[in-house]
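Shown next, in structure tokens, is the structure this report addresses.
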Amino acid sequence: WFLFLNQLQKDLEEVKELLTKATRKRLRDVLMTEKHKLELEIKNQPPPKPKDVAEEEKSSLGGYTVKINNYGWDQSDKFIKIYISLNGVQKLPAENVQVNFTERSFDLLVKNLNGKNYTMTFNNLLKPISVEGSSRKVKTDMVLVMCRKKREEKWECLTQVEKESKEKEKAAYDTSDPSEGLMNLLKKMYAEGDDEMKRTINKAWVESREKQSKGDIPMDI
């Protein structure tokens with residue numbers, strides 16, 4: 001900005017100098033027009049931004065956004081409390097830590113913390129919360145999100161998705177047919193086990209099939 005303005009002012013000085021030497025009317029008219037043009041352009045130049053404002057804009061727009069995945073949570077009769085660790089967050093201006101609440105969700109945005117922006121979104125909260133009663137607190141190296149429960153009751157988990165996932169897992173092993181529950185358990189152990197575990201399960205499976213073929217085990221497991 002300063003270089004551009006400096007160039008315009010140099011052009012204007014040169015035009016003024018030429019005007020003092022010009023004698024022909026046509027040349028003077030051209031130079032006068034150019035002089036007015038340059039003066040107008042200099043006048044319309046926007047003032048420079050203070051360095052701190054420019055730096056702040058640059059840092060808030062630059063860098064990159066980090067999605068927060070790690071958190072801790074707790075609850076009381078009235079509140080669900082979510083703890084998010086962020087080093088140095090207490091040094092930020094209050095307006096840089098924003099939380100937007102709805103009845104079943106909240107969004108956290110922490111702007112310009114060490115040159116990065118941090119976000120966290122919770123959708124489909126297990127039960128409704130009070131938007132007006134919810135808030136956030138900034139502590140040393142931590143943001144605490146306080147979700148005010150609409151009803152004073154214990155939550156078994158944070159989101160509807162977590163509840164459905166737990167119910168599906170429970171249903172997989174809680175069946176009326178014991179052999180089906182055992183099969184599901186063996187499948188889970190096989191999928192998650194190491195090579196030794198897989199060899200053990202394979203061996204047990206082969207042996208059970210052999211016993212069944214001999215009539216020792218009437219139930220198909």
Side-chain angles (χ1 to χ4, degrees), residues 1 46-174 184-185 187-189 191-194 197:
W1 182 88
K49 290 182 180 178
K51 189 177 179 184
D52 57 343
V53 173
E55 286 298 319
E56 186 180 331
E57 284 189 6
K58 182 182 174 185
S59 57
S60 64
L61 295 174
Y64 58 92
T65 298
V66 179
K67 191 173 180 181
I68 302 168
N69 294 312
N70 296 323
Y71 63 91
W73 76 284
D74 192 6
Q75 62 181 312
S76 63
D77 291 341
K78 296 181 179 180
F79 288 95
I80 290 289
K81 306 170 187 177
I82 294 97
Y83 302 88
I84 301 110
S85 295
L86 288 168
N87 288 336
V89 69
Q90 74 277 6
K91 297 173 186 175
L92 291 176
E95 63 270 17
N96 281 33
V97 182
Q98 301 168 1
V99 183
N100 294 316
F101 296 95
T102 74
E103 193 175 67
R104 294 295 285 270
S105 73
F106 72 82
D107 290 289
L108 166 70
L109 172 61
V110 178
K111 295 193 291 185
N112 193 21
L113 177 60
N114 301 321
K116 299 173 189 173
N117 302 316
Y118 292 83
T119 65
M120 170 180 264
T121 301
F122 264 93
N123 292 317
N124 299 313
L125 289 170
L126 185 65
K127 298 176 187 292
I129 61 172
S130 163
V131 174
E132 300 78 19
S134 298
S135 61
R136 60 104 180 110
K137 292 181 181 178
V138 177
K139 298 177 175 289
T140 304
D141 298 332
M142 179 183 290
V143 177
L144 170 58
V145 179
M146 306 276 289
C147 298
R148 180 71 158 86
K149 296 176 179 177
K150 277 208 167 177
R151 291 179 60 187
E152 294 185 16
E153 57 185 326
K154 186 178 180 184
W155 290 20
E156 57 193 278
C157 50
L158 275 179
T159 65
Q160 190 65 34
V161 174
E162 281 180 60
K163 184 184 178 185
E164 289 169 6
S165 176
K166 283 183 179 179
E167 285 174 350
K168 281 180 187 175
E169 192 171 320
K170 185 181 175 186
Y173 308 121
D174 185 17
N184 286 329
L185 180 60
K187 284 177 185 174
K188 187 175 190 316
M189 288 171 66
E192 296 176 357
D194 56 17
M197 176 68 76

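Take D141 and apply the side chain to side chain contact (heavy atoms under 4.5 Å, CB included) test, not counting sequence neighbours, and it matches N87, Q90. With sequence neighbours excluded, the residues that form a side chain to side chain donor-acceptor pair (under 3.5 Å) with T121 are D107. For Q160, there are no side chain to side chain donor-acceptor pair (under 3.5 Å) partners at least two apart in sequence or on another chain. With sequence neighbours excluded, the residues that form a side chain to side chain contact (heavy atoms under 4.5 Å, CB included) with E156 are L126, K163. Residues passing the side chain to side chain contact (heavy atoms under 4.5 Å, CB included) test with S105, sequence neighbours excluded: T102, N123. The side chain to side chain donor-acceptor pair (under 3.5 Å) search around E103 returns K150, not counting sequence neighbours. Residues passing the salt bridge (Lys or Arg N to Asp or Glu O under 4.0 Å) test with K91, sequence neighbours excluded: none. Residues passing the side chain to side chain contact (heavy atoms under 4.5 Å, CB included) test with E162 are Y71, C157, L158, T159, sequence neighbours excluded.
Annotation: side chain of V110 is not in contact with side chain of I84 (no heavy-atom distance under 4.5 Å). Residues N96 and L113 form no side-chain contact, since every pair of their non-hydrogen atoms from C-beta on lies 4.5 Å or further apart. Looking at heavy atoms from C-beta onward, Q75 lies in side-chain contact with W73 at the 4.5 angstrom threshold.
Screening residues 74-107 for ring pair (Phe, Tyr, Trp, His ring centres under 6.0 Å) gives F106-F122 as the qualifying pairs, with residues at least two apart or on separate chains. Contacts classified as salt bridge (Lys or Arg N to Asp or Glu O under 4.0 Å) and involving residues 126-139 (residues at least two apart or in different chains) are given here: K127-E153. Residue pairs satisfying the ring pair (Phe, Tyr, Trp, His ring centres under 6.0 Å) criterion with at least one member in residues 141-162, sequence neighbours excluded, are absent.
The closest donor-acceptor contact from the side chain of E152 to the backbone of K149 lies at 3.5 Å or more, if one exists at all. No side-chain donor-acceptor contact under 3.5 Å links R104 to the backbone of N124. S134 contributes a side-chain N or O that, together with a main-chain N or O of S130, makes up a donor-acceptor pair within less than 3.5 Å.
Surrounding CG of N70 are at most 12 heavy atoms belonging to other residues, nucleotides or ligands under 6.0 Å away.
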